[in-house]
Each structure stands twice: as structure tokens, then as C-alpha cells.
A.B. asks: 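Submitted below is the structure of interest, expressed as C-alpha cells.
Bear in mind that the values here come from a model prediction, so they are computed numbers and not experimental data. Chain letters run A, B, ... following the sequence lines, proteins first and then strands; every chain starts at 1.
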Number of protein chains: 2
Amino acid sequence: MLTTERHQLILNLLKEKQSIKIQELVELTAASESTIRRDLTELEELQKLERVFGGASRIAPNVPEPSLSDKAAKNLKEKQLVARYAASLVKTGDSLFLDAGTTTAQMIPFLTDKDVTVVTNGLSHLEALIEHGITSYLTGGFIKSRTGALVGPQATQSLENYRFDKSFLGVNGIHPVHGFTTPDPEEAAVKRRAGELSRSCYVLADQSKYGKVSFAHIFDLSRSALIIDGLPDEALEEIERQTTIKVVTQ
Amino acid sequence: MLTTERHQLILNLLKEKQSIKIQELVELTAASESTIRRDLTELEELQKLERVFGGASRIAPNVPEPSLSDKAAKNLKEKQLVARYAASLVKTGDSLFLDAGTTTAQMIPFLTDKDVTVVTNGLSHLEALIEHGITSYLTGGFIKSRTGALVGPQATQSLENYRFDKSFLGVNGIHPVHGFTTPDPEEAAVKRRAGELSRSCYVLADQSKYGKVSFAHIFDLSRSALIIDGLPDEALEEIERQTTIKVVTQ
DNA sequence: CTGCTTATGAATGATTATGATTGATTTTGA
DNA sequence: TCAAAATCAATCATAATCATTCATAAGCAG
């Protein structure tokens with residue numbers, strides 16, 4: 001069975017059921033466990049599924065809701081650390097862009113007393129923004145249920161209505177040569193334009209993003225400061241050569 | 001059974017019943033008590049349930065903002081009646097504007113099989129739209145937390161990106177002389193412009209709105225058809241003189 | 001055909017999840 | 001109120017799963 005055939009079979013199975021076990025796939029494809037694991041890793045990188053212990057599951061739509069999504073819960077402590085530091089950079093009265101990322105969402109509780117105006121394309125930020133009484137605008141655009149982001153030309157165009165003191169962006173890849181990247185070109189376009197419309201731009205990330213390259217280029221490292229929860233020393237030197245970086249460890 | 005499968009089963013059970021016992025879960029999942037306890041601990045950390053002695057229960061709902069929940073629950077049967085009729089007017093492939101009203105929200109489940117594209121300024125519609133897999137766009141604009149609507153010039157302007165086959169609007173007042181009205185001028189502006197950009201426009205209302213006049217004029221009665229759950233005869237005659245009306249009684 | 005690249009399966013050490021056990025805590029009923 | 005039963009949380013041993021590495025087979029291009 002060809003790799004592409006296996007991939008198609010896996011995705012078709014996940015159309016029928018919410019999740020599937022590695023053992024089931026081994027039997028259905030007559031491939032080894034190693035091969036199936038590699039398939040799943042690759043399909044996860046393409047965001048076509050989520051790996052779970054013992055198998056894989058469909059990607060859950062990111063319905064805004066009070067509970068934490070699995071994605072948001074991952075590395076929560078590190079995200080909160082980075083978010084708190086990022087929020088400390090905000091001055092009273094600032095106008096901010098917060099993108100649809102899980103780390104930028106963690107900034108919201110720290111913005112309460114700053115009398116800021118927030119523009120966002122992140123649907124999962126809504127409840128927190130309302131709860132904290134923050135003056136907020138949504139970009140509008142196409143509802144991308146997988147990520148809970150508003151994207152597309154309407155989203156990007158609506159940014160033209162605004163100018164930001166600061167933008168805070170999440171990314172999926174940080175690489176010295178390939179820059180900041182994210183899987184979806186439309187989300188990349190929103191991030192890029194928001195960055196361009198800002199006096200200052202900050203990328204917020206956890207260190208698992210370092211060394212990764214996703215499909216859609218946002219901008220080069222030099223175009224944004226980086227706030228991150230840790231990095232190896234040699235990576236730190238490389239980044240410092242290209243941009244401003246703040247490593248937040250507590 | 002995968003961990004994620006157990007979690008899904010637990011949450012699905014809690015959709016059907018208020019609470020569930022650990023013993024029940026042990027039997028249903030063929031996992032041990034220890035494992036179930038761990039599952040419950042994790043789901044509680046994600047705020048998806050509350051642990052109780054001997055089991056788990058749904059999270060007690062936050063007291064919803066009174067104005068929103070009272071509005072949504074009021075005359076729910078009538079609203080669903082009107083909404084179902086309104087949805088029956090939708091053809092496959094239609095492009096629709098659904099405003100932020102509680103009656104228009106009730107249309108969503110009836111749109112699932114119609115392959116429609118929906119534009120809305122109603123934040124409370126998000127979950128249902130995503131859940132029903134409806135291709136959806138948000139207008140963008142200022143987040144008005146009291147009503148869950150997106151309003152303001154950005155909201156109205158973003159409508160220029162679209163042309164609609166049909167618009168469905170809620171109102172707060174229906175009056176033969178004063179027309180269709182709603183309290184907030186900014187919401188009125190969104191409704192008016194959506195109506196203007198549509199081939200057909202329908203106001204959805206329950207009869208409690210008849211005879212009422214709110215602060216902001218949307219448009220005259222002649223500018224939109226009206227779908228309503230009932231009216232006195234003399235009122236019916238008056239409306240019929242000005243526009244198309246459909247009274248839906250079952 | 002040869003040399004190179006890619007994909008595969010197996011092995012191995014690392015990591016995670018599970019079930020059983022035990023002492024602590026809560027609930028129940030007399 | 002108190003004793004007993006039920007439930008809980010923490011701990012531990014172990015099985016299952018995972019990621020990495022390596023050898024080799026399969027596929028590809030010249």
C-alpha cells in the first residue's frame with residue numbers, strides 16, 4: 001500500500017468516526033506500527049488530524065466556549081508566563097491587535113486595568129474580553145471553525161480601519177532563515193497586515209515552536225520582537241542577531 | 001478505549017443527564033475506577049465538568065446575562081415557529097444575512113441541509129453556525145456586550161463586501177405609522193443596510209412587538225415582508241395594506 | 001545496471017497510562 | 001454522636017505506547 005493510499009484511508013476513516021487506534025490502522029493497512037506512527041505524525045503536521053495517545057482523532061472545531069480547549073490547555077503555564085510579560089508592555093490607553101492565538105488569549109486578564117482598545121480576529125477571545133470589560137472590536141470575515149479565527153480578504157481589509165500601538169501575534173514556526181510561519185496563508189495575511197499597521201509588533205511563543213517551519217510565511221524575524229519561554233543558547237544568539245528577543249522564565 | 005474516546009463519552013453522557021456516577025462510567029468504559037477518576041480530574045481542569053462525591057455533574061451554568069437569556073427564552077415556541085417558516089423560504093445555495101436577533105438564531109438548525117452562506121453580526125449565533133457546519137462570515141465591528149451584536153461603522157461598512165439573496169431581521173417595534181424600529185441606532189443601521197443589499201427582506205417577530213415603537217427607525221413597513229406568529233384582525237388589515245405578511249400559527 | 005534516495009520494519013530505551021493497593025476523608029444510617 | 005461503608009487521593013509496579021535509531025528493501029534517475 002502506497003503512503004498516499006494509507007493517508008487517504010486514515011482520513012476517510014476519520015470522516016466516519018471521531019477517533020481511531022494505531023492497532024486498527026496496522027490491521028487495515030498491513031503496515032507496521034512505526035509506519036503508521038510516521039503517517040500520523042505527518043498528517044498532524046498538515047493539521048489534518050490530531051495525534052492522541054494510542055491513535056488519532058479528528059480535529060475538533062474550535063467552538064468558543066467557557067471551557068479550555070485541548071489546544072489552549074497545552075503548555076498553559078508557559079503561555080501565561082509569556083502573556084503576563086507581554087501584557088506588562090502595554091500602556092494605559094494603548095490600541096492593540098490580539099490575534100487568534102492561545103497565548104494572546106492569555107493576555108486578556110492582565111489587560112483589565114489598562115483601559116485599552118482591542119481588535120481581534122479570535123473568536124475564542126470573545127468571552128474573556130467581554131468578561132473583563134475591555135472595549136473590543138472584531139475584524140469580521142470568514143469563520144474558520146478549525147481554529148476559531150476570522151480570516152479572508154474581509155478580515156484583512158477590515159484592519160485598514162485601524163492603527164495599532166501594538167500587535168501581539170502567535171505563530172507556529174520560528175526559524176532563523178525561514179522566519180515566522182503559520183499553517184494557513186489567510187491567517188498569515190491577517191497577522192502580517194496587523195503587524196504592518198502597528199507601531200510595535202510582538203510575537204509570543206513557547207519554545208516548542210523554535211526550529212519549526214509551517215506552510216505560510218508571515219514575515220522575517222527582523223520584523224517583530226519575540227517573547228518566548230526559553231531557547232537553547234546557540235538559538236538565542238542567532239535570534240539576537242536578527243531581532244529583539246525576551247526570554248521569560250518566571 | 002482511547003482516553004479521548006472515554007472523555008467524549010463522559011461529556012456526551014453529561015449532555016443527556018445532569019450527573020453520572022463513577023460506577024456507571026466504569027461499566028460503560030471497561031476502565032478502572034482509578035482511570036475514571038483521572039479522566040474526571042482532567043476534564044474538571046478543563047472546566048468541562050464538575051466533580052462531585054461519587055461522580056461528576058454538568059457544570060452549573062453561569063447565570064447568563066439577564067437581558068440575553070430572558071430575550072432568548074421569551075416566547076421560544078413562537079420564535080421557533082416563525083423561524084422554521086422563515087427557513088422554509090430559503091433555497092439551496094442562498095446567501096443570507098441573519099441579524100443578531102433571537103428569532104433569527106432559531107433559524108440556524110433548519111438551514112443545515114441547504115448549503116447556504118450566512119453573514120451575521122450576531123455573536124450568539126456562532127456556536128450554532130459552527131455546530132451545523134454552515135459556511136459563515138461575521139461582519140466585524142464593535143462588540144456590544146449587552147446584546148451580543150457587532151455594531152458601528154465597521155460593521156455596516158463590512159456589509160458592502162456582500163450581496164444577499166435574503167435578509168432576516170429581528171425588530172423591537174412594528175407600527176403602521178412608525179415602521180420597524182429597534183432601540184439602538186447602530187443596530188438599526190446594520191439592519192437597514194443589510195435589507196438594502198438584499199433581493200428579499202423578511203422581518204421576523206412575535207406579536208408582542210406589534211404596536212410598539214423603539215428609538216431607532218430601521219425602515220418603513222413597506223420595505224420588508226413580515227413573518228409573525230399572530231395579530232388581531234384589524235392590525236392584520238392595516239399591515240396588509242402596506243406590505244406582505246405571513247402569519248404562522250403552527 | 002549502478003548509485004542514490006526514500007520508505008519501511010524492527011529494536012531499544014524513554015515516556016505515559018493503567019490498575020491495584022493503602023491510608024485518608026466523606027457520607028450514611030442507627 | 002459514632003461506627004461502618006463508600007469514596008477519594010496518592011503511590012507504585014507494570015504494561016502499553018512512543019520516539020529514535022539503524023539496517024535494509026524498494027523506488028528512482030542517469
A.B. asks: CG of B/Asp39 versus C1' of D/dA9: gap in Å, rounded?
C.D. replies: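 Rounding to the nearest Å, CG of B/Asp39 and C1' of D/dA9 are 15 Å apart.
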A.B. asks: Just to be sure I understand the rule, does A/Val26 reach a base, reach only the sugar-phosphate, or reach nothing, if contact means heavy atoms closer than 4.0 Å?
C.D. replies: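 If one applies the 4.0 Å heavy-atom cut-off, A/Val26 turns out to touch nothing in the nucleic acid.
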A.B. asks: Among A/Leu197, A/Asn121, A/Thr104, whose side-chain contact (heavy atoms from CB on, under 4.5 Å) with A/Phe97 holds?
C.D. replies: A/Asn121
A.B. asks: If you count every heavy atom of other residues, nucleotides or ligands that lies below 6.0 Å from A/Tyr162 atom OH, does the total exceed 12?
C.D. replies: yes
A.B. asks: May I have the distance from A/His7 (atom NE2) to C/dA7 (atom P), rounded to whole angstrom?
C.D. replies: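 Taking NE2 of A/His7 and P of C/dA7, I get 10 Å after rounding.
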A.B. asks: If each of A/Ile22 and A/Arg38 is mapped to the nucleotide of DNA chain D with the nearest heavy atom, which maps nearer the 5' terminus, i.e. the 5' end?
C.D. replies: A/Ile22
A.B. asks: Testing A/Arg163, A/Lys166, A/Lys114 for salt bridge (charged side-chain N to carboxylate O under 4.0 Å, His left out) with A/Asp94, which one passes?
C.D. replies: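 Only one of A/Arg163, A/Lys166, A/Lys114 forms a salt bridge (charged side-chain N to carboxylate O under 4.0 Å, His left out) with A/Asp94, namely A/Lys166.
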A.B. asks: Does a sphere of radius 6.0 Å around CZ in B/Arg51 hold more than 12 heavy atoms from other residues, nucleotides or ligands, not counting ones at 6.0 Å or beyond?
C.D. replies: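 Buried by this count: over 12 neighbours within 6.0 Å.
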A.B. asks: With sugar-phosphate meaning primed atoms plus P, OP1 and OP2, does B/Thr3 contact a base, only sugar-phosphate, or nothing at under 4.0 Å between heavy atoms?
C.D. replies: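 Sugar-phosphate only.
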A.B. asks: Looking at B/Lys17, B/Gln18, B/Lys15, which hits side-chain contact (heavy atoms from CB on, under 4.5 Å) with B/Arg58?
C.D. replies: B/Gln18
A.B. asks: A/Ser32 has a side chain; which of C/dT18, C/dG9, D/dA9 sits nearest to it?
C.D. replies: C/dG9
A.B. asks: Measure the distance from CD on A/Glu42 to C1' on D/dA19 and round it to the nearest whole Å.
C.D. replies: 16 Å
A.B. asks: In this structure, how many angstroms lie between the C1' atom of D/dT7 and the CD atom of B/Glu33, rounded?
C.D. replies: 7 Å
A.B. asks: Given D/dA19, is OP1 or OP2 found less than 4.0 Å from the side-chain N or O atoms of A/Arg51?
C.D. replies: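 For D/dA19, OP1 or OP2 has a side-chain N or O of A/Arg51 closer than 4.0 Å.
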A.B. asks: Could you check how far CD of A/Glu5 sits from C1' of C/dT8, rounded to whole Å?
C.D. replies: 16 Å
A.B. asks: Taking atom P of D/dT7 as reference, at what distance in whole Å does atom CD1 of B/Ile36 sit?
C.D. replies: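 B/Ile36 atom CD1 is separated from D/dT7 atom P by 14 Å.
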A.B. asks: To the nearest angstrom, how far is A/Leu2 atom CG from D/dG27 atom P?
C.D. replies: 9 Å
A.B. asks: Looking at the side chain of B/Thr35, which of C/dG9, C/dA20, C/dT18 is the nearest nucleotide?
C.D. replies: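 Closest of the options to the side chain of B/Thr35: C/dT18.
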A.B. asks: Would you indicate which nucleotide in C/dA17, D/dA19, C/dA11 comes nearest to any side-chain atom of A/Phe53?
C.D. replies: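 Of the candidates, C/dA17 comes closest.
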A.B. asks: Rounded to whole angstrom units, what separation is found between the CD atom of A/Glu45 and the C1' atom of D/dA19?
C.D. replies: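 About 13 Å, once rounded to whole Å.
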